[in-house]
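Lettering follows sequence order; numbering is per chain, from 1.
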Amino acid sequence: MLLSFAVSSLKSRAKSVVLTFLSLLISISVLLSVEHVRMQAESSFSRTVSDVDLIVGAPSGQLNLMLYSIFRMGSPTNNISYESVEMLKGHSQVEWVIPISLGDSHHGFRVLGTSQDYFEHYKYGDKQRLTFASGQPFAGVFGAVIGADVAKKLGYHVGDKIVIAHGTGMVSFTNHDQSPFTITGILAATGTPVDKTVHVSLEGIEAMHLSPSKLKPIVANPDDTSNPLIQPDDVTAVMLGLKSKFATFTLQRELNNYQDDRLMAILPGVAMAELWKMMGTVENLLRIISVLVLVSSLFGLSTMLLASMQQREKEIAVLRILGAGGGTIFMLLLTEALLIAIAASVVSTSLLTVLFSVSKGWLASEYGLFMSANFFSVHNAIVIGAVLAATIVTTLLPAIDAYRKAIHSRL
Amino acid sequence: MNSQQNRNSSVPVAIRLKDVQHRYPKSQVTLSIPNWEVQTGDKVFLHGPSGTGKTTLLNLLAGVLQPESGEIALLDQPFSSLPTRKRDKFRAKHIGVVFQQFNLVPHLSVLKNIRLAAYFADNKASVDSKAAAMIDALRLPSEVLHQSAGSLSVGQQQRVAIARALINEPEILLVDEPTSALDTDARDAFMNMLTALCETQNTTLIFVSHDKSLEKYLSSSVSLSALCTLKEAE
């Protein structure tokens with residue numbers, strides 16, 4: 001009865017109710033999408049690399065090493081010698097080794113020199129291996145495997161020839177014109193920086209930095225990777241998979257104290273957590289803004305109810321004379337406010353679900369953002385619960401006002 | 001209906017006021033009623049010019065106001081001394097009220113307005129059929145049940161207000177200038193229907209008006225000035 005009365009009363013004040021509803025709808029949507037994007041960003045961030053136990057590079061900071069080796073951001077400070085890579089390959093605790101060599105680019109996409117092991121052992125997400133949308137891993141000196149984004153943006157197909165520039169800028173002045181690479185494979189989309197990477201062999205990286213005269217015999221015989229001229233001297237970093245996870249800390253300490261080269265070993269998970277902690281500040285700022293937006297709309301709701309009290313004095317007098325106590329009037333106002341807030345939450349959740357379902361493909365292809373469209377999570381339920389609790393708190397003022405007026409109303 | 005009448009006949013005095021004093025807030029004026037009794041089934045015409053305490057008396061009888069001192073007993077039970085919540089419940093079950101105007105919640109249908117009264121009185125009886133019967137007895141077309149109360153004419157609204165006030169078969173009906181917004185013909189029809197319905201339900205009626213011409217519809221007449229005194233405190 002109270003509910004149907006509240007609905008009817010809200011309908012009779014449709015204009016101000018609709019405006020209040022819209023303002024709540026917008027603020028709840030902002031709050032939910034900020035929370036959603038934050039959670040999704042965190043999970044898509046931590047799914048960038050999986051199952052790598054240690055990353056080894058030249059000593060700098062663990063953030064720096066992780067940013068350039070995993071996220072292809074920033075520039076490597078120093079290289080480590082190839083003897084160290086050989087040492088790691090032979091280490092009793094090490095199961096597999098992925099060497100990586102950075103520093104070149106192709107139309108703004110980073111070029112990563114690596115070995116066949118990359119396609120075999122690199123994992124992302126929940127221990128997912130890289131898969132080929134078409135083609136296969138590179139063989140020989142001048143093979144290249146490109147990420148999904150690279151293929152899409154530049155319109156490349158397997159068999160196309162590409163030129164790789166020195167340096168990482170969009171515009172490069174020294175093109176390695178003489179060392180054309182052939183695309184042997186295109187990777188399936190992963191939603192990680194792998195999609196934006198051009199993978200070539202370590203020998204290929206060495207070859208394109210040779211002088212034209214030295215390069216000629218190699219181009220003439222591209223399947224021969226044993227030429228001493230193109231054997232790598234150093235690499236940027238190495239990703240390691242260990243036979244036993246328990247050896248991680250022992251090996252890390254061992255590598256950090258390695259005498260023959262200056263090495264630094266980091267745990268990707270630890271570095272990732274540190275990086276996410278830094279991003280946390282921005283994230284909290286977004287949260288605070290969306291909470292403020294919500295608070296202001298809740299005050300709007302409270303104002304709307306307070307203002308309506310004037311025009312509802314007679315209605316409340318009628319209810320009183322029918323035997324409704326002050327408590328009933330109090331509950332009535334609370335019910336009205338909750339009805340608006342619940343409606344706004346439900347519509348907002350459905351709206352965002354539709355919005356994210358529609359824009360999912362576009363976000364993935366344009367920005368590499370892999371967003372789930374599922375808004376029916378426990379976390380969102382908690383957020384909505386908090387919104388409803390805040391609604392009750394802000395409605396207390398008009399409800400208490402109504403209660404007092406009701407108690408003192410006369411015929 | 002039977003139990004209602006039995007209860008009424010066992011309670012000869014419907015309203016009893018003893019040494020009731022009420023002080024108006026923010027002024028020194030005190031309204032006092034030394035002694036007043038109304039028998040069950042009486043139809044009392046309470047008349048007097050404005051400003052002589054008519055509305056205050058009704059508020060006291062409805063339990064919206066509490067007297068400063070003295071005792072109001074309704075149906076042989078203490079009333080004014082009950083806590084607020086119990087007074088609200090007593091009012092819902094045993095007292096019907098009709099105001100000058102604005103008796104109904106305008107955005108609800110006529111039927112829902114009547115149901116609301118039954119809801120607050122915990123009246124689980126078949127309200128809908130009874131409401132239809134009353135609307136018929138008040139010579140309103142049955143369609144009005146589903147029209148919103150705000151869309152009716154004032155005369156129709158006042159008749160619906162009677163139906164709403166009597167739906168719980170209250171022992172006491174308080175009516176405050178219900179015809180002031182009606183023309184003469186409508187007023188006569190209204191008065192006839194009101195008294196007829198009170199007769200069938202054996203309801204004690206307190207009818208307040210300044211219009212002496214309405215006296216003829218009621219069984220007894222009391223002047224407010226004889227009943228109560230207003231005095232300024234020193």
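- A pairwise comparison of heavy atoms in B:Ala62 and A:Ile321 identifies CB-CD1, 4.3 Å as the closest pair.
- One finds the CG atom of B:Leu104 at 13.0 Å from the NZ atom of A:Lys314 (value rounded to the nearest 0.5 Å).
- A:His379 NE2: more than 12 foreign heavy atoms inside a 6.0 Å radius.
- Heavy-atom contacts from other residues, nucleotides or ligands closer than 6.0 Å to NZ of B:Lys112 number 12 or fewer.
- Both the backbone and the side chain of B:Phe102 come within less than 4.5 Å of a heavy atom in chain A.
- A:Arg320 places a side-chain heavy atom less than 4.5 Å from the side chain of B:Arg91.
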Side chain to side chain contact (heavy atoms under 4.5 Å, CB included) evaluation trace for B:His107 with A:Glu315: CA-CA 10 Å; B:His107 56 79; A:Glu315 183 180 309; 3.2 Å; yes

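- Chosen from B:Ala92, B:Ser109, B:Gly150, the residue pairing most often with chain A at heavy-atom distances under 4.5 Å is B:Ala92.
- Note that CG of B:Leu116 and CG of A:Leu2 are 9.5 Å apart. Values are rounded to the nearest 0.5 Å.
- With a threshold of 4.5 angstrom between heavy atoms, A:Thr328 approaches chain B through side-chain atoms but not through N, CA, C or O.
- Annotation: the span from B:Ile167 atom CD1 to A:Leu322 atom CG amounts to 12.0 Å, rounded to 0.5 Å.
- For the pair B:Phe120 and A:Leu319, the minimum side-chain heavy-atom distance is below 4.5 Å.
- Residue A:Met331 qualifies as open at atom CE: its count of foreign heavy atoms under 6.0 Å is 12 or below.
- Residue contact with chain A, scored on non-hydrogen atoms closer than 4.5 Å, involves the side chain of B:Arg164 exclusively.
- Under a cut-off of 6.0 angstrom, the local environment of CZ in A:Phe299 is sparse, with at most 12 non-hydrogen atoms contributed by other residues, nucleotides or ligands.
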